[in-house]
J.: 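The structure that follows is given in the form of structure tokens.
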Amino acid sequence: MPTRPRVRFAPSPTGYLHVGGARTVLFNWLFARHTGGEMVLRIEDTDTERNRPELTDNILEMIEWLGLRWDGEPVHQSDRIDRHRAAADQLLAARRAYWCDCTPEQVAARAKERGGPPGYDGYCRDRGLGPGPATALRFRTPDDGATSFEDLVRGTVSFENKVLEDFVLVRSNGTPTFLLANLVDDADMGITHVVRGEEHVSGTPKYLLIGEALGLHHRPTFAHLPVLVNEQRKKLSKRRDSVSVAAFRDEGYLPEAMVNYMALLGWGPKDGVEIRPLGEIVELFRLEDVTPSPAFFDVRKLQSFNADHIRALDAEAFVERARPFLGEGPRGEATEAVLRPLAELVRDRVRLLTEVEPMVAFLRDDEITIDETSWQKGVAKLADRAAAMLDAVIAALADVAWERDAIEEALLGAAVTAGFTNAEGKPQMSKAQGPVRVAVTGRIVGPPLYESLVVLGRERTLDRLRDARGLL
RNA sequence: GCCCCCAUCGUCCAGUGGCCUAGGACGCCGCCCUUUCAAGGCGGUAACACGGGUUCGAAUCCCGUUGGGGGUGCCA
């Protein structure tokens with residue numbers, strides 16, 4: 001009976017969830033869903049020095065926000081420390097590990113002295129040291145032979161054992177390192193596929209060697225995903241690059257757009273259809289098809305995907321999703337009220353949810369500020385004709401029925417009156433609407449004018465038109 | 001330095017020996033549509049890193065060069 005695939009996402013709570021980590025969870029999740037397997041979470045909090053437990057909440061929250069559900073309760077590696085120590089003891093008893101009291105400085109000094117490669121030289125291998133406050137437990141790596149493994153993304157990868165230094169299994173403070181805990185937990189949890197970032201490739205032979213030395217028959221299939229890089233083609237770093245998932249959420253990206261875009265980093269559907277529902281991606285996704293080369297995280301393309309997913313929303317859903325970005329309390333309610341009648345028109349014009357509120361603020365606020373550049377471009381440049389247009393519009397709108405078509409007709413007529421016509425005497429609204437738009441909205445770009453005026457109301461429209469006329 | 005990996009348009013992906021005068025998407029440019037801006041339609045720009053093989057035939061296989069990335073921690 002074939003084993004059900006079981007994968008894990010194993011973040012360490014030393015930073016917020018960033019897009020690199022998010023992509024890793026996503027690929028684990030896609031694989032699990034595609035194969036009918038399960039994905040578990042394991043918080044790798046063995047480094048007590050740098051852990052920030054509160055970050056675990058952020059990581060979990062972001063994974064949930066992305067809609068990637070895990071199976072069961074998240075496991076905290078720190079709860080399993082006894083098991084890790086037992087494994088360490090076993091290794092020590094089998095003489096596959098030994099105590100070492102060299103300080104990092106001593107290790108570095110010796111490496112420099114001998115002029116060879118940096119790294120630990122096995123100095124304490126046969127010194128027969130016992131445990132102590134300043135001793136760490138190191139794994140005795142084989143001096144010859146090679147360790148290789150199959151990688152779904154990269155094929156066979158092989159390392160000469162002699163290039164592997166004797167690495168630390170247990171720190172001098174008694175806590176197990178990632179190398180030990182990671183392997184032991186994967187084995188205990190029955191992980192069948194290890195799907196993680198490329199940065200773990202060189203640690204894989206160590207993982208395998210510990211497992212063998214422990215007599216564990218744990219031989220998962222590996223899939224090392226290409227790293228995500230920035231414009232400089234360097235691995236995305238939380239420090240250098242602003243890539244926290246929470247930041248994208250706060251900028252108004254939709255989780256479905258994030259997930260859709262990230263799925264295309266290192267993978268692509270054969271049919272070339274990029275924008276598609278998650279369900280279809282689950283169906284098509286295969287780890288074997290993941291490309292091995294680094295991928296650039298292109299925010300512009302992400303934005304395009306976001307705009308597409310926003311446009312796929314119906315009016316009701318759009319308002320719902322935009323709500324957190326409309327403002328707090330009464331102000332938020334007021335924004336929502338003016339947005340609602342224009343929902344579709346606004347939705348088709350934004351790339352980010354944060355752009356919604358600024359686009360309709362002129363409808364909500366009593367006072368508007370007129371953008372200088374827009375004034376120059378849409379009003380001042382037209383000189384006398386702008387004044388004529390405003391006069392004509394003020395007159396035409398005074399007693400017209402306050403509905404879209406009537407307003408359009410009024411503006412068309414005003415344009416003719418003000419002389420904005422083409423060779424056939426037809427009104428040229430592309431220019432004529434400028435002064436009106438700037439006067440009423442404060443900007444040269446915005447939602448369609450006639451519909452906006454309907455929402456604005458006659459009084460406020462006329463007030464703003466008169467104010468602008470007075471400035472000329 | 002050493003180890004491992006990678007190499008198709010600016011970017012992401014398709015392409016797994018002939019269907020490739022290399023396809024799609026983002027971006028960029030132009031035109032159309034148009035009440036601004038978007039959206040949409042149409043068109044365009046732009047790549048198989050280089051050199052050797054293998055083969056009747058190579059973007060696809062092999063070797064090398066160059067370039068890039070990852071690792072080299074008592075971080076994960």
Side-chain angles (χ1 to χ4, degrees), chain A residues 10-15 44-47 49-50 100 102-104 107-108 115-120 134-138 151 153-155 157-160 162-165 167-173 175 177-179 181-182 196-205 224 226-227 229 231 233-235 261 264-275 289 291-305 307-308 311 345-351 359 374 377-378 408 411-412 415 427-434 436-438 441 443-451:
Chain A
S12 70
T14 52
E44 308 231 319
D45 52 356
T46 57
D47 186 358
E49 308 279 306
R50 307 158 216 246
C100 164
C102 298
T103 63
V107 172
Y120 186 66
T135 57
L137 189 73
R138 287 185 184 271
D151 190 300
V153 179
R154 284 149 221 281
V157 182
S158 187
F159 289 82
E160 297 275 339
K162 65 177 182 223
V163 306
L164 271 22
E165 62 176 341
F167 54 91
V168 172
L169 295 166
V170 180
R171 300 185 186 89
S172 52
N173 70 5
T175 57
T177 60
F178 156 80
L179 262 0
N182 188 254
R196 49 175 12 174
E198 183 190 346
E199 63 271 23
H200 291 290
V201 170
S202 51
T204 304
H224 287 101
V227 288
V229 298
E231 299 90 324
R233 295 253 126 209
K234 296 287 184 195
K235 185 172 80 159
Y261 174 67
L264 268 34
L265 257 20
W267 177 83
K270 306 278 181 217
D271 62 11
V273 180
E274 297 191 323
I275 306 284
D289 297 333
T291 50
S293 30
F296 169 63
F297 188 88
D298 187 353
V299 181
R300 286 188 306 179
K301 185 154 180 173
L302 205 212
Q303 277 192 9
S304 168
F305 273 48
D308 269 314
R311 269 183 249 115
L345 299 174
V346 173
R347 170 249 268 156
D348 293 347
R349 286 172 170 72
V350 297
R351 298 167 77 79
M359 198 171 280
S374 294
K377 217 168 149 186
E408 175 180 16
L411 291 201
L412 254 29
Q428 274 192 311
M429 294 310 292
S430 59
K431 279 188 180 167
Q433 56 103 35
V436 183
R437 176 178 291 281
V438 175
T441 74
R443 299 183 55 205
I444 192 72
V445 300
L449 191 55
Y450 315 142
E451 290 79 357

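Each chain gets a letter, A, B and so on, in the order its sequence line appears, and its residues count up from 1.
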J.: Which part of the nucleic acid, if any, lies within reach of A:Ile444 when heavy atoms closer than 4.0 Å are counted: base, sugar-phosphate only, or nothing?
T.: base

J.: Among the nucleotides B:G70, B:A7, B:C3, which one has an atom lying closest to any side-chain atom of A:Pro292?
T.: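 Among the listed nucleotides, the one closest to the side chain of A:Pro292 is B:A7.
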
J.: Just to confirm, is there a sub-4.0 Å distance from OP1 or OP2 of B:G71 to any side-chain nitrogen or oxygen of A:Lys235?
T.: yes

J.: Under 4.0 Å, counting only non-hydrogen atoms across every strand here, what does A:Thr291 touch: a base, just sugar-phosphate, or nothing?
T.: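 A:Thr291: backbone/sugar contact only, no base atoms under 4.0 Å.
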
J.: Determine the interatomic distance between C1' on B:U45 and the same-named atom on B:U11; round to the nearest Å.
T.: 15 Å

J.: Suppose you measure atom C1' in B:A14 against the same atom in B:U55; what distance do you get, rounded to whole Å?
T.: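 Per the computed distance, 25 Å lies between those C1' atoms.
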
J.: Say we look at B:C13 and B:A59: how far apart would their C1' atoms be, to the nearest angstrom?
T.: 15 Å

J.: Does the base of B:G24 carry an N or O that pairs as donor and acceptor with the side chain of A:Glu274 under 3.5 Å?
T.: yes

J.: Rounded to the nearest 0.5 Å, what separates atom CD in A:Glu451 from atom CG in A:Leu345?
T.: 5.5 Å

J.: Which is true for A:Gly446 with a 4.0 Å heavy-atom rule: it touches a base, it touches only sugar-phosphate, or it touches nothing?
T.: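 Base, at least one base heavy atom under 4.0 Å.
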
J.: Is A:Arg351 touching bases, backbone alone, or none of the nucleic acid, heavy atoms closer than 4.0 Å?
T.: sugar-phosphate

J.: Reckon A:Ala181 touches a base, only the sugar-phosphate, or nothing at all at heavy-atom distances under 4.0 Å?
T.: nothing

J.: Is there side-chain contact between A:Glu199 and A:Val227, with heavy atoms separated by less than 4.5 Å?
T.: yes

J.: Give the rounded distance in Å between these two atoms: NZ of A:Lys301 and P of B:C12.
T.: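 To the nearest whole Å, that distance equals 10 Å.
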
J.: Just the rounded figure in Å: distance from P of B:A25 to CH2 of A:Trp267.
T.: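 Spelled out: CH2 on A:Trp267 to P on B:A25 is 17 Å.
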
J.: Taking only the side-chain nitrogens and oxygens of A:Arg300, find out if one of them lies under 4.0 Å from OP1 or OP2 of B:U11.
T.: no

J.: Please report the distance, rounded to the nearest Å, between CG in A:Leu169 and P in B:A76.
T.: 12 Å

J.: Using the C1' atom as the point on both nucleotides, what is the distance between B:G70 and B:A76, in whole Å?
T.: 14 Å

J.: So do A:Phe296 and A:Lys301 actually touch side chain to side chain, heavy atoms under 4.5 Å?
T.: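 A side-chain contact is absent here, since even the closest heavy-atom pair is not under 4.5 Å.
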
J.: Are any non-hydrogen side-chain atoms of A:Tyr120 and A:Cys100 less than 4.5 angstrom apart?
T.: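 Counting from C-beta outward, A:Tyr120 and A:Cys100 do come under 4.5 Å.
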
J.: Could you tell me the Watson-Crick or G-U partner of B:A46, where both distances fall under 3.5 Å? Say none if there is no partner.
T.: none

J.: Rounding to an integer number of angstrom, what distance separates B:A25 and B:G15 when you compare their C1' atoms?
T.: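 Between the two C1' atoms, the distance is 15 Å.
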
J.: Nearest to the A:Pro294 side chain among B:U11, B:C26, B:G69, which nucleotide is it?
T.: B:G69

J.: Classify A:Lys234 by what it touches in the nucleic acid, base, sugar-phosphate, or nothing, heavy-atom distance under 4.0 Å.
T.: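 The answer is sugar-phosphate, as A:Lys234 gets under 4.0 Å only of primed atoms, P, OP1 or OP2.
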
J.: Pick base, sugar-phosphate or nothing for A:Tyr450, based on heavy-atom distances below 4.0 Å to the nucleic acid.
T.: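 Base contact.
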
J.: Could you pick out which residue, A:Pro226 or A:Ser158, lies toward the 5' side of RNA chain B when each is mapped onto its nearest nucleotide?
T.: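 The 5'-side residue here is A:Ser158.
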
J.: Nearest of B:A76, B:U36, B:C26 to any side-chain atom of A:Glu199?
T.: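 Looking only at heavy atoms from C-beta outward on A:Glu199, the closest nucleotide is B:A76.
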
J.: Side chain of A:Val157 only, please: which of B:C5, B:A76, B:U72 is the nearest?
T.: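 Selected nucleotide: B:C5.
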
J.: Between B:A76, B:C26, B:C4, which nucleotide gets closest to the side-chain atoms of A:Asp298?
T.: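 Between B:A76, B:C26, B:C4, the one nearest the side chain of A:Asp298 would be B:C26.
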
J.: Quick one: is B:C5 close enough that its OP1 or OP2 comes under 4.0 Å of any side-chain N or O from A:Ser202?
T.: no

J.: Whom does B:C31 pair with, Watson-Crick or G-U wobble, provided both distances fall under 3.5 Å?
T.: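 Result: B:G41.
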
J.: Considering every strand and a 4.0 Å limit on heavy-atom distances, what is the contact class for A:Ala295: base, sugar-phosphate, or nothing?
T.: sugar-phosphate

J.: Give the nucleotide from the list B:C74, B:A76, B:G69 with an atom nearest to the side chain of A:Val168.
T.: B:C74

J.: If the cut-off is 4.0 Å, is A:Arg196 near the phosphate of B:G71, judged by side-chain N/O to OP1 or OP2?
T.: no

J.: Is there a side-chain contact between A:Glu408 and A:Met429, using heavy atoms and a 4.5 Å cut-off?
T.: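 Of all side-chain heavy-atom pairs linking A:Met429 with A:Glu408, none is under 4.5 Å.
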
J.: With rounding to whole Å, what would you report as the distance between B:C9 and B:G24 at their C1' atoms?
T.: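 Looking at atom C1' only, B:C9 and B:G24 are 12 Å apart.
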
J.: Whether A:Glu49 and A:Arg171 form a salt bridge (side-chain N of Lys/Arg under 4.0 Å from carboxylate O of Asp/Glu) is what I want to check.
T.: no

J.: Would you say the side-chain atoms of A:Arg349 pair up with the backbone N or O of A:Pro447, donor to acceptor, closer than 3.5 Å?
T.: no

J.: What is the distance, rounded to the nearest whole Å, between atom NE2 of A:His224 and atom P of B:G69?
T.: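 In whole Å, B:G69 P and A:His224 NE2 are 20 Å from each other.
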
J.: Going by purine N1 to pyrimidine N3 plus the second Watson-Crick contact, or the G-U wobble pair, all under 3.5 Å, which nucleotide sits opposite B:A25?
T.: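 B:A25 is paired with B:U11.
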
J.: What contact category does A:Glu231 fall into here, base, sugar-phosphate, or nothing, at under 4.0 angstrom with non-hydrogen atoms?
T.: nothing

J.: On the side chain of A:Arg349, is there an atom forming a donor-acceptor pair with the base of B:C37 - under 3.5 Å, no angle test?
T.: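 Between B:C37 and A:Arg349, which were checked side chain against base, a qualifying N/O pair under 3.5 Å is present.
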
J.: If you assign each of A:Ser304 and A:Lys431 to its closest nucleotide in RNA chain B, which residue comes earlier from the 5' end?
T.: A:Ser304

J.: Any donor-acceptor pair under 3.5 Å linking the side chain of A:Thr204 with the backbone of A:His200?
T.: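 Here the side-chain-to-backbone pair exists.
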
J.: Taking the side chain as C-beta and beyond, is there a heavy-atom pair between A:Asp308 and A:Tyr261 under 4.5 Å?
T.: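 The answer is no, as the side chains (C-beta and beyond) never meet within the 4.5 Å cut-off.
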
J.: Scan A:Thr46 against the nucleic acid and name what it touches under 4.0 Å (heavy atoms): base, sugar-phosphate only, or nothing.
T.: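 Counting heavy atoms under 4.0 Å across all strands, the contact made by A:Thr46 is with sugar-phosphate only.
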
J.: Using a heavy-atom cut-off of 4.0 Å across all strands, would you classify A:Gln303 as base, sugar-phosphate, or nothing?
T.: nothing

J.: Can you figure out which of B:G69, B:A76, B:A25 approaches the side chain of A:Glu44 most closely?
T.: B:A76

J.: Give me the distance, rounded to whole Å, that separates B:A39 from B:C29 when you measure between the P atoms they each carry.
T.: 13 Å

J.: Send over the distance from A:His200 NE2 to B:G69 C1', rounded to a whole Å.
T.: 16 Å

J.: Under 4.0 Å from OP1 or OP2 of B:G10: is there any side-chain N or O of A:Arg233 that close?
T.: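 No, A:Arg233 has no side-chain N/O under 4.0 Å of OP1/OP2 on B:G10.
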
J.: To the side chain of A:Val201, which of B:G69, B:C4, B:U35 is closest?
T.: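 Given the options B:G69, B:C4, B:U35, the side chain of A:Val201 is closest to B:C4.
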
J.: Using the side-chain heavy atoms of A:Arg138, tell me which of these nucleotides is nearest: B:A76, B:C74, B:U11.
T.: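 Looking only at side-chain atoms, A:Arg138 lies closest to B:C74.
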
J.: Go ahead and name the base partner of B:C20; Watson-Crick or wobble counts if both distances stay under 3.5 Å, otherwise write none.
T.: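 Answer to the pairing question: none, since B:C20 forms no Watson-Crick or G-U pair.
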
J.: Would you indicate what A:Gly266 reaches in the nucleic acid, counting non-hydrogen atoms under 4.0 angstrom: base, sugar-phosphate, or nothing?
T.: sugar-phosphate

J.: Scan A:Thr14 against the nucleic acid and name what it touches under 4.0 Å (heavy atoms): base, sugar-phosphate only, or nothing.
T.: nothing

J.: Tell me: CD of A:Glu49 to C1' of B:C75, nearest whole Å?
T.: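 Between C1' of B:C75 and CD of A:Glu49: 11 Å.
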
J.: For A:Ser172, which contact category applies under a 4.0 Å heavy-atom criterion: base, sugar-phosphate, or nothing?
T.: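 Base contact.
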
J.: Taking only the side-chain heavy atoms of A:Arg154 (C-beta and beyond), determine which of B:G73, B:C5, B:U35 contains the nearest atom.
T.: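 Looking only at side-chain atoms, A:Arg154 lies closest to B:C5.
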
J.: Does the A:Ser374 side chain pair with the main chain of A:Arg443, one donor and one acceptor, at a distance under 3.5 Å?
T.: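 Looks like no, no N/O pair under 3.5 Å.
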
